[in-house]
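Since the structure comes first, as structure tokens, the remarks are kept for the end.
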Amino acid sequence: MKPISIQTIRLRFIPLFGWYFLLLLFFLILFPDRSPSIAHIGIQTFILTLICGGIVCIPSHITARTLSALTFSYHLVASVALRYLNMELYGDWLGFKPIDAALYRNIVASKLDLPIIEFIQSLWEKGYAFDDLGYPTLLYLCSYPWGIDWGIHVILLANAFAVSISVYLLYLILTYVVKKSSACTWALLWGMLPFSVYTSSVGLKENFFSFFVVLYFYGVIQVVYLQKFKLRYVVALIVGVLGVLLSRIPVAYMLLISSFSYVILSKKWILKHLKWVILALFALSIFAIPLMWNVTMSQKGYDPEVMRLGMALKAKSLGPGWLASITNVLATCIGPFPSFIADEQKVNYITLYNLTAFIKCYISFFFWYALYRSILLKNALLLSLFVFVFTHMTMLAITFYSLHDRFQWPHIPIYFLLSAWGLEQYLRTEKRSLYQVYFICITAVILVFNLR
């Protein structure tokens, strides 16, 4: 096999960032009234410049702690800048017409005089589900000493800590599947994605959600895969799954299914008939995931029939039935697609972090190539990680939530991990033209998606 240098991997990203900037200018010139404001484009260019600088300039022998510290500094500066822009443009620290974030702020502001146990009890008595308690409680803790007006800024600082620790842990996980120099690049790239900056600035929970996912897999790899039963690894596993339970219950089930699948897939007789096992699991998931979704919706107090009606309306908003289905499947498998332009409402948020979806679209080829190689090599660890991503993707496809970065965010770090391994495997092959074909196809899809 050919040795893969870190320069080879890093230089793959620079033309991609240049292509993004050209598309940004293309849509700005053609549709100035549907493009983000010049101030927002300035922030996007600033973030893009920092990402390029980080990818190119940060030495490959950097330690995980230094990488984490650099991510913390970047995230804090970028999210504070975007929050000030929110106040300047929209008159609210939490951005354009905040809905969920404003709800969290109002809940905490109205109950900040209560002790924490009574605060949680009051949420429970009002009908909030178990996975609705996590983020309001965290915001309460950040606000209790000095009030909600400062609390929404303190939690921005907590976001930066969550992302930087996630980068640290993701780097350590990546070193088990790729070279350390490559692990540095991919962990840094994930930690600098604009969506994590956006979600911090507008006061949402997704950075904490993804932190708990990464923490769980770090614990699982140590305890289950490496058989290291040290207390800190067991605690990481338990805290990770509890944190995800407090964020979204179905995803916690998916974490457990992924871990259980590793135990099954590591058996020799399973690996011997791997292709048939994968087909059986796929067939089973078609029935099991909708059932799991119905159960969890019932646990949260929702009527599954009403939820299905909502999903039907969401599908209808994407166009005719066949178009909605194709868009949903493509967005699930290789998206979400970046929105360079949008209507007068969505242009104030969905276009601001489109670099995140852009990067994911163009690296998806390596994710699917990683699946192909892991099946050929019968790599039980990687296949179990695919199980988590696929179960989560299936739930998004069923509920028609695949088009938004926010709902795909929990599996993005694992998606990057698998893509990193897939890229290294692909660079060892002679058939480099496959990605060129994919590049042309995904560019056409992005153009059609925006121009339609």
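Counting from 1, the numbers follow the sequence of the chain as shown.
- More than 12 heavy atoms of other residues, nucleotides or ligands shown are found within 6.0 angstrom of CG on Leu376.
- Counting only heavy atoms from C-beta outward, the side chains of Val202 and Pro98 never approach each other to under 4.5 Å.
- Within 6.0 Å of the CZ atom in Phe439, the count of heavy atoms belonging to other residues, nucleotides or ligands exceeds 12.
- Remark: the backbone N or O of Cys142 is not paired with any side-chain donor or acceptor of Trp150 at under 3.5 angstrom.
- Checked by atom type and distance alone, the side chain of Ser79 never pairs as donor or acceptor with a backbone atom of Ser200 at under 3.5 Å.
- The two residues Trp186 and Leu174 come nearest to each other via the heavy atoms CB-CD1, 4.0 Å.
- Nearest heavy atoms, Ile62 versus Cys184: CG2-SG, 3.4 Å.
- By the neighbour-count criterion of 12 heavy atoms within 6.0 Å, atom CD of Glu88 is sparsely surrounded, having that number or fewer from other residues, nucleotides or ligands.
- Here the closest heavy-atom approach between residue Ala252 and residue Val244 is recorded as N-CG1, 3.4 Å.
- The main-chain N or O of Trp93 is found under 3.5 Å from a side-chain atom of Asn86 such that the two form a donor-acceptor pair.
- Residues Phe386 and Trp421 place their aromatic rings such that the two centres sit no closer than 6.0 Å.
- Counting heavy atoms from C-beta outward, Phe208 and Leu138 have side chains that approach closer than 4.5 Å.
- Ring centroid separation for the pair Phe358 and Tyr362 comes in under the 6.0 Å cut-off.
- Side chains of Tyr225 and Ser384: a donor-acceptor N/O pair is absent below 3.5 angstrom, by distance only.
- Heavy atoms from other residues, nucleotides or ligands lying under 6.0 Å from CD of Glu344 number 12 at most.
- Looking only at distances, a side-chain donor or acceptor of Ser364 sits under 3.5 Å from a matching main-chain atom of Lys360.
- In Asn106, the CG atom is crowded: over 12 heavy atoms of neighbouring residues, nucleotides or ligands sit closer than 6.0 Å.
- Looking only at distances, no side-chain donor or acceptor of Asn348 sits under 3.5 Å from a matching main-chain atom of Phe96.
- In the displayed structure, Arg406 atom CZ is contacted under 6.0 Å by more than 12 heavy atoms of other residues, nucleotides or ligands.
- Few gaps surround NZ on Lys111; more than 12 heavy atoms of other groups in view lie less than 6.0 Å from it.
- Across every non-hydrogen atom of Ile51 and Met192, the tightest pair is CD1-O, 3.5 Å.
- Of all heavy-atom pairs spanning Ala187 and Leu67, the tightest one is CB-CD2, 4.1 Å.
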For this session: Starting from the C-alpha separation in whole Å, work towards a yes-or-no answer on side chain to side chain donor-acceptor pair (under 3.5 Å) for Thr199 and Tyr353.
Result: CA-CA 9 Å; Thr199 199; Tyr353 45 82; over 6 Å; no
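- A salt bridge between Asp92 and Arg105 is present, with a side-chain N of the basic residue lying under 4.0 Å from a carboxylate O of the acidic one.
- Ring pair Phe209/Trp409: centre-to-centre distance not below 6.0 Å.
- Side-chain contact between Pro36 and Gln44 is present, with at least one heavy-atom pair separated by less than 4.5 Å.
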Exercise. Taking it one step at a time, do Ile107 and Tyr128 satisfy side chain to side chain contact (heavy atoms under 4.5 Å, CB included)?
Worked result: CA-CA 11 Å; Ile107 289 171; Tyr128 285 88; 3.0 Å; yes
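- Just one of Phe217, Phe211, Trp190 meets the side chain to side chain contact (heavy atoms under 4.5 Å, CB included) condition when paired with Leu170; it is Trp190.
- The aromatic rings of His392 and Phe388 lie parallel to each other, their planes meeting at an angle below 30°, with 60° marking the opposite boundary.
- Using cut-offs of 30° and 60° for the angle between ring planes, the Phe407 and Tyr401 rings count as tilted.
- Heavy atoms of other residues, nucleotides or ligands lying less than 6.0 angstrom from OH of Tyr84 number 12 at most.
- Using a cut-off of 4.0 Å between Lys/Arg side-chain N and Asp/Glu carboxylate O, Glu206 and Arg248 are scored as salt-bridged.
- Because its NZ or CZ atom is not both nearer than 6.0 Å to the ring centre of Tyr90 and within 45° of the ring axis, Lys97 does not count as a cation-pi partner of that residue.
- At a threshold of 4.0 Å, the pair Lys205-Asp131 does not count as salt-bridged, since none of the basic side-chain nitrogens sits closer than that to a carboxylate oxygen.
- Centroid-to-centroid, the aromatic rings of Tyr104 and Tyr140 stay 6.0 Å apart or farther.
- In this structure, the separation between CG on Leu355 and CZ on Phe195 is 13.5 Å, given to the nearest 0.5 Å.
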Exercise. Going through the distances and angles, do Val80 and His153 end up as a side chain to side chain contact (heavy atoms under 4.5 Å, CB included)?
Worked result: CA-CA 9 Å; Val80 167; His153 300 308; over 6 Å; no
Exercise. Is there a side chain to side chain contact (heavy atoms under 4.5 Å, CB included) between Ser143 and Val154 once you walk through the steps?
Worked result: CA-CA 7 Å; Ser143 305; Val154 173; over 6 Å; no
For this session: Apply side chain to side chain donor-acceptor pair (under 3.5 Å) to Thr66 and Thr63, showing your working.
Result: CA-CA 5 Å; Thr66 305; Thr63 65; 2.8 Å; yes
Exercise. When you look at Asn354 and Tyr20, which way does the side chain to side chain donor-acceptor pair (under 3.5 Å) test go after all the steps?
Worked result: CA-CA 9 Å; Asn354 55 26; Tyr20 166 81; 2.5 Å; yes
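- Note that CG of Leu82 is 7.0 Å distant from CG of Leu352, once rounded to the nearest 0.5 Å.
- Proximity of a side-chain donor or acceptor of Ser182 to a complementary backbone N or O of Lys179 within less than 3.5 Å is not detected.
- Counting all heavy atoms, side chain and backbone alike, Ala236 lies closest to Gly219 at CB-CA, 4.2 Å.
- Taken from CZ in Phe366 to CD1 in Ile363, the straight-line distance is 8.5 Å, to the nearest 0.5 Å.
- With contacts defined as side-chain heavy-atom distances shorter than 4.5 Å, the pair Met393/Val389 qualifies.
- Using a distance-only test at 3.5 Å, with no hydrogens or angles considered, no donor-acceptor pair links the side chain of Tyr372 to the main chain of Gly422.
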Exercise. After noting the C-alpha distance and the side-chain angles of Leu123 and Asp132, does the key distance pass the side chain to side chain contact (heavy atoms under 4.5 Å, CB included) rule?
Worked result: CA-CA 9 Å; Leu123 294 182; Asp132 293 325; over 6 Å; no
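- Side chain of Arg83 to main chain of Ser201: a donor-acceptor pair is present (N/O by atom type, distance under 3.5 Å, no hydrogens or angles).
- Of the possible polar contacts, one joining the Asn450 side chain to the Ile446 backbone as a donor-acceptor pair under 3.5 Å is found.
- For Ser68 (side chain) and Arg65 (main-chain N/O), no donor-acceptor pair under 3.5 Å exists by modelled atom type.
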